[in-house]
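For the numbers below, each heavy atom of this structure counts, side chains included, while hydrogens, waters and symmetry mates do not. Not measured: the values here are computed from a predicted model. Chain A is the first sequence line, chain B the second, and so forth, proteins listed ahead of strands; every chain is numbered from 1.
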Amino acid sequence: MVAFLVVALQTTWMGYLMPAAYKPDVFLILVIWTSLRMPFMIGIGLAFAGGILVDTFSGAPAGLFAIVYCLVFVMGCYLDGLFRIDTRPGRAITVLMATLVSGAAVLLWSVVVGSGGYSAYVLSWALAKSVMTAMASLLVFPVLDRAWAMYTTLVGAR
Amino acid sequence: MPRSVKDIAIIILLIGGGLLILFWPTKSQEGGPVARAIYSVIGPLQRVSTAAYRQVTGVWNGYVNLIHVRQENEQLREAVKGLKRERGALLNAEMENRRLKKLLNLKARNEFPFLVAQVISEDAVGWYRTFFINRGSEDGVLPEMPVTVAEGVVGRVVKNAPDVSQVLLITDPNLSVDCRIVRTRNRGVLTGSLDGACVLRYINLESGVGPGDEVVTSGLDGMFPRGLPVGKIASVGKSSQGLFLEARVIPHVDFSGIEEVLVILANTAGFDLKPGLDEKR
């Protein structure tokens, strides 16, 4: 349900607030959040399903974001195991890196299919978008934490 | 962190599944049952969200507009007078144009049936240049159909569901359009560029194109009708191999402000490639 709401928000209101090219990838933040808060099996399943959902609502070929979000999820788990990234700066840096990974995957695919190439502009754009997403994560993480706490209080399980 | 063999197996399975989907050869661009189900869940959410946003901005803009409304009214009255004069002249020119075309046994290229559609949402992640419209296969919209606005070409339909379709914009690197430069009549292939403009490739080195030249669709790709305005050349340079010229084209359409579009209801490869198609229509 949260995934559907995030996609609806991402495709409508988010674009009205800022240029589409620079809007933060809220779904990616959600994937990083699940990598820190959810059991592995559930989290990676959500990452895959969420990737398919994002593929459907973007110009990406089916499967690209499913793979990217799975990789990002594993990356989040791995980094948390190594460095304990569950702090505000740690999460922001992880989101920044994950957005760069996601941009690199998009760029790599466009190079593979011969529809685009990289340039200084593209690299600066990817960096700007990653910074925007990292900044947005500072707001989104507490909201998700609060929503999760309310949900677990209501349902009575964690 | 994945610790067990089972976790690693799940990772391999899911990434393998993703790769399988990514490289699966698909001929049809119509959304499958999963995509249709997803669209049917998120479509209403998007519509409600877009309607709410327009309602809020409508009220705000109405308030702001009231402040300058009197002064603007006077200016508009003057503008209407001028436009009425201009319209008369244009109607005459249009009538003359039609007569001449009839004489030359040519048909106006904008006679294709079209459908007005509303933009309901945009690309989910922003790495691509796409948006969604509120018309789908139930309204006769099919993949490959051209999408335009009054200012010029917007893009083409890439995926559709019964009541929603995805439009790929000409500024996306995944879309190519065969174009012609109006002044020199040279052809080139227009593709999107990630910086929001477009690049016109494969222009003849001797063509003499320059900044300010108008670019229109050639109709030779069988996808877009001939003569639709696309944009204006901003700069020209040699391609990396040095065999052709490449021009940076600024589209006429402001993609960020589009609310409604026209979908040209002509099927694939139906514009200029098949002789006698105009007569059949």
Side-chain angles (χ1 to χ4, degrees), chain A residues 4-5 7-16 19-25 27-28 40-41 44-45 47-48 51-68 70-71 74 77-78 80-82 102-103 106-107 109-110 113 115-119 121-122 125-126 129, chain B residues 1-4 6-7 10-11 14-24 26 31-32 34-35 38-39 41-50 52-53 57 120-132 158-159 166 168-169 172-176 191-196 255-256:
Chain A
F4 279 88
L5 280 175
V7 168
L9 178 85
Q10 189 87 5
T11 53
T12 53
W13 281 84
M14 198 62 82
Y16 303 133
Y22 294 98
K23 66 181 177 186
D25 187 349
F27 215 102
L28 187 131
F40 181 82
M41 293 287 275
I44 199 160
F48 185 81
I52 294 285
L53 197 63
V54 167
D55 286 331
T56 312
F57 280 90
S58 77
L64 183 66
F65 273 87
I67 296 170
V68 169
C70 280
L71 290 174
V74 173
C77 293
Y78 182 72
D80 192 41
L82 276 184
S102 140
V106 170
L107 195 60
W109 181 257
S110 69
V113 297
S115 62
Y118 59 89
S119 62
Y121 172 81
V122 173
W125 168 43
K129 192 176 165 67
Chain B
M1 188 172 170
R3 289 190 180 90
S4 65
K6 198 172 90 178
D7 288 352
I10 290 289
I11 295 171
L14 288 179
I15 291 178
L19 285 170
L20 197 70
I21 297 169
L22 193 60
F23 288 101
W24 192 262
T26 49
V34 176
I38 292 171
Y39 286 137
V41 173
I42 294 190
L45 281 175
Q46 287 177 327
R47 281 194 195 90
V48 168
S49 191
T50 305
Y53 173 79
T57 49
I120 52 167
S121 65
E122 58 178 29
D123 193 272
V125 280
W127 292 114
Y128 297 89
R129 309 278 192 264
T130 65
F131 61 60
F132 288 83
V158 281
K159 289 182 207 163
Q166 189 179 22
L168 184 67
L169 308 186
D172 191 289
N174 294 305
L175 182 61
S176 299
T191 51
S193 161
L194 289 169
D195 64 1
F255 295 98
S256 61

Does any backbone or side-chain atom of [X] lie under 4.5 Å from a heavy atom of chain A? Answer side chain, backbone, both or neither.
X	answer
B:Thr130	side chain
B:Leu168	neither
B:Leu19	both

Item to complete: For the pair A:Tyr22 and A:Trp125, name the ring-plane relationship: parallel under 30°, tilted 30 to 60°, perpendicular over 60°.
Response: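 Perpendicular: the ring planes of A:Tyr22 and A:Trp125 meet at over 60°.
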Practice prompt. State the CG-CG distance between B:Asp123 and B:Leu169, to the nearest 0.5 angstrom.
Written response: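 Answer for the CG-CG pair, B:Asp123 versus B:Leu169, is 9.0 Å.
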Discussion item. Can you tell me how far apart SG (A:Cys70) and CD1 (A:Ile44) are? Round to the nearest 0.5 Å.
Written reply: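 One gets 4.5 Å once the value is rounded to the nearest 0.5 Å.
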Largest heavy-atom contact set with chain B, pairs under 4.5 Å, which of [options]:
options	answer
A:Leu53, A:Ile52, A:Leu5	A:Leu53
A:Gly45, A:Ala21, A:Ala47, A:Pro19	A:Ala21
A:Ala126, A:Ala60, A:Pro61	A:Ala60

Counting only heavy atoms closer than 4.5 Å, note whether [X] contacts chain B via side chain, backbone, both or neither.
X	result
A:Phe65	side chain
A:Phe48	side chain
A:Asp80	neither

Fill in: B:Glu122/A:Lys23 ion pair, N-O < 4.0 Å
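The answer is yes: the pair qualifies as a salt bridge.
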Worksheet item: Do B:Leu22 and A:Trp109 have side-chain heavy atoms sitting under 4.5 Å apart?
Response: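 Yes, side chains in contact.
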Worksheet item: Got A:Val54 and A:Gln10 here, is their nearest side-chain heavy-atom distance under 4.5 Å?
Response: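 No; the side chains remain at least 4.5 Å from each other.
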Fill in: All pairs passing side-chain hydrogen bond (donor to acceptor under 3.5 Å, both in side chains) where residues 51-67 of chain A contributes a residue, at least two apart
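Residue pairs passing side-chain hydrogen bond (donor to acceptor under 3.5 Å, both in side chains), neighbours aside: none found.
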